[in-house]
A.B. asks: 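Quick one: the structure is below, questions incoming.
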Protein chains: 2
Amino acid sequence: MADEKMPTIDQMLCFAVYSAGHAFTRFYKPRLDALDLTYPQYLAFLVLWERDDITVKHLGERLFLDSGTITPLIKRLEARGLVRRRRDEDDERQVRITLTEAGRALRAKAFAIPLAVIEGTGLTLEGGDALRAELIALRDRLDAALEV
Amino acid sequence: MADEKMPTIDQMLCFAVYSAGHAFTRFYKPRLDALDLTYPQYLAFLVLWERDDITVKHLGERLFLDSGTITPLIKRLEARGLVRRRRDEDDERQVRITLTEAGRALRAKAFAIPLAVIEGTGLTLEGGDALRAELIALRDRLDAALEV
DNA sequence: CATAATTAAATTGTACGCAATCAAATTTTA
DNA sequence: TAAAATTTGATTGCGTACAATTTAATTATG
């Protein structure tokens, strides 16, 4: 005994999540190439299109990413004239991110993407919503279990 | 009209998968630090512990990763004496990966991990299995929709 | 109110992840 | 069987991810 306990990789939930995530990235790739965006950059824009003039910290919290990822990502977008970065006047530790006109205009070119993705998943709206809710609950439980 | 169509990031299934994947990585981190493995390295070992002496291509297919990711990952493990790489004698295009004694021994130290992770998910075995099956089906539909 | 503690970003270093390209080996086919 | 096509893995370059450290700014505390 003490052997034969290790699961096969295909039996593991974590790998199903991991590989499904990569599959999404692959699926998005040709659509996002048309906007010249990577998938994480697209996520950043989804947050920024929703509400502008947010801090690096706030964006990081929405995306579950830290400044080591956000800072260079936003700097690349700034270099392309899609966003602007400036220190908050009241608290200069914070950097606020705003969209430029070009960054705002990008939104129109992204309209077709969500529907194409829903189609790609082969799920109904209800099925997709249920799966999403389960994953969010799972994510939050994993993160909660970490803070001990 | 033509506006108000973009979903919030929290309404998107892809982001739920993406962020749940990162949450898994975070959760694994302290457990895998004890083995001095990253999460992708751990996945590679799961495949190799299952069956040894496989090609880079085979490992890549199991993990849904290409040679640009597999090659340096395996080379790092080789540098630490955990795996060996050698050309296949019959087809020298292929590189076969085998475990060293140290690589095989690592398996014993990993036994406790799966149970801790299941606990972290807060899911029953049945609930986890159902979620896993849905994600695998989703991944395969996304990949199938890509090959047009 | 001076100093300690905290907070927000940025930076550095390591490790994925993948597209594009390349080289070598094998297989096809004309 | 010689040339073309394919296959396999390695390499390069770019863009995440994240831990650890650093710097600057703000807040808490004696």
Side-chain angles (χ1 to χ4, degrees), chain A residues 15 18-30 32-33 35-45 54-61 63-80 82-83 85-97 143 146, chain B residues 15 18-30 32-33 35-45 54-80 83 85-97 143 146:
Chain A
F15 179 66
Y18 174 84
S19 56
H22 290 166
F24 262 122
T25 303
R26 283 191 293 270
F27 190 84
Y28 268 103
K29 182 79 168 53
L32 292 177
D33 279 349
L35 313 194
D36 209 7
L37 292 181
T38 65
Y39 178 67
Q41 288 169 358
Y42 173 65
L43 292 181
F45 270 111
I54 58 174
T55 65
V56 169
K57 174 155 178 77
H58 183 258
L59 181 57
E61 283 172 354
L63 299 180
F64 294 84
L65 299 173
D66 73 2
S67 70
T69 302
I70 301 286
T71 295
L73 185 153
I74 292 297
K75 281 189 171 180
R76 278 187 281 273
L77 299 180
E78 185 186 36
R80 288 170 51 193
L82 299 173
V83 305
R85 288 162 2 102
R86 56 174 172 59
R87 292 280 164 183
D88 185 295
E89 289 188 0
D90 294 334
D91 186 343
E92 296 208 359
R93 290 172 305 181
Q94 302 180 69
V95 168
R96 306 195 75 86
I97 310 164
D143 276 342
L146 214 54
Chain B
F15 180 67
Y18 175 84
S19 57
H22 290 165
F24 262 122
T25 304
R26 283 192 292 272
F27 190 84
Y28 269 103
K29 181 80 167 54
L32 291 177
D33 279 350
L35 313 194
D36 208 9
L37 292 181
T38 65
Y39 178 67
Q41 288 169 0
Y42 173 65
L43 292 181
F45 270 112
I54 58 175
T55 65
V56 169
K57 171 152 180 83
H58 182 257
L59 180 57
E61 283 172 352
R62 287 299 298 278
L63 299 180
F64 295 84
L65 299 173
D66 73 2
S67 70
T69 302
I70 301 288
T71 296
L73 184 152
I74 291 298
K75 281 190 170 180
R76 278 188 282 272
L77 298 179
E78 186 186 35
R80 289 171 50 194
V83 305
R85 291 164 357 104
R86 55 172 172 59
R87 292 279 164 184
D88 186 295
E89 289 188 0
D90 295 333
D91 184 343
E92 296 207 359
R93 291 172 305 181
Q94 301 179 67
V95 168
R96 307 195 75 86
I97 309 165
D143 276 343
L146 214 55

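Residue numbering restarts at 1 for every chain, and letters A, B, ... go by the order of the sequence lines. Since the structure is predicted, the reported quantities are computational estimates derived from the model, not experimental observations.
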A.B. asks: Can you tell me how far P of D/dT8 sits from CZ of B/R85, to the nearest Å?
C.D. replies: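 In whole Å, D/dT8 P lies 17 Å from B/R85 CZ.
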A.B. asks: Would you mind reading off the distance between A/K29 atom NZ and C/dC18 atom P, rounded to a whole angstrom?
C.D. replies: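 Answer to the nearest Å: 11 Å.
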A.B. asks: With a 4.0 Å cut-off on heavy atoms, is A/R96 in touch with a base, just the backbone sugar-phosphate, or nothing at all?
C.D. replies: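 If one applies the 4.0 Å heavy-atom cut-off, A/R96 turns out to touch nothing in the nucleic acid.
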A.B. asks: Whole Å only: how far is the OH atom of A/Y39 from the P atom of D/dC14?
C.D. replies: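 In whole Å, D/dC14 P lies 24 Å from A/Y39 OH.
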A.B. asks: Out of D/dT16, C/dT26, D/dT26, which has the shortest distance to the side chain of B/R93?
C.D. replies: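 The closest nucleotide is C/dT26.
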A.B. asks: C/dC16, D/dG9, D/dA17: which one has an atom nearest the side-chain heavy atoms of B/T69?
C.D. replies: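 The answer is C/dC16, which lies nearest to the side chain.
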A.B. asks: Among C/dC18, C/dG17, D/dG15, which nucleotide sits nearest the side chain of A/Q41?
C.D. replies: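 Ranking C/dC18, C/dG17, D/dG15 by closest atom to the A/Q41 side chain puts D/dG15 first.
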A.B. asks: Without swapping roles, check the side chain of A/R76 against the backbone of A/Q41 for a donor-acceptor pair under 3.5 Å.
C.D. replies: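 A pair under 3.5 Å: no.
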A.B. asks: Check every strand shown and say whether A/D66 touches a base, only sugar-phosphate, or nothing at a heavy-atom separation below 4.0 Å.
C.D. replies: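 Base, at least one base heavy atom under 4.0 Å.
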A.B. asks: Looking at D/dA17, D/dC18, C/dG17, which one has an atom nearest to any side-chain atom of A/Y18?
C.D. replies: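 Nearest to the side chain of A/Y18 among the choices is C/dG17.
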A.B. asks: Rounded to the Å, how far apart are A/I74 CD1 and C/dA10 P?
C.D. replies: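 It is 10 Å, rounded to the nearest whole Å.
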A.B. asks: Donor-acceptor check, side chain of B/R87 to backbone of B/R93, threshold 3.5 angstrom: yes or no?
C.D. replies: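 Looks like yes, one N/O pair under 3.5 Å.
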A.B. asks: For the side chain of A/E92, starting at C-beta, report the closest nucleotide among C/dG17, D/dA25, C/dA15.
C.D. replies: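 Given the options C/dG17, D/dA25, C/dA15, the side chain of A/E92 is closest to D/dA25.
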A.B. asks: Which listed nucleotide (C/dA19, C/dC18, D/dG15) is nearest to the side chain of A/R76?
C.D. replies: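 Nearest to the side-chain atoms of A/R76, counting from C-beta on, is D/dG15.
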A.B. asks: Please report the shortest heavy-atom distance between B/Y39 and A/F15, naming the atom on each side.
C.D. replies: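 Here B/Y39 and A/F15 meet closest at OH-N, 3.6 Å.
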A.B. asks: If I take atom NZ in residue A/K57 and atom C1' in nucleotide D/dA25, what distance separates them, rounded to the nearest angstrom?
C.D. replies: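 Rounding to the nearest Å, NZ of A/K57 and C1' of D/dA25 are 15 Å apart.
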A.B. asks: Heavy atoms under 4.0 Å, any strand shown: does B/D33 hit a base, just sugar-phosphate, or nothing?
C.D. replies: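 B/D33: no heavy atom of the nucleic acid under 4.0 Å.
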A.B. asks: Between C/dA9, D/dT6, D/dC18, which nucleotide gets closest to the side-chain atoms of B/R26?
C.D. replies: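 The answer is D/dC18, which lies nearest to the side chain.
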A.B. asks: Using a 4.0 Å heavy-atom cut-off across all strands, classify B/T25 as base, sugar-phosphate, or nothing.
C.D. replies: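 Touches nothing.
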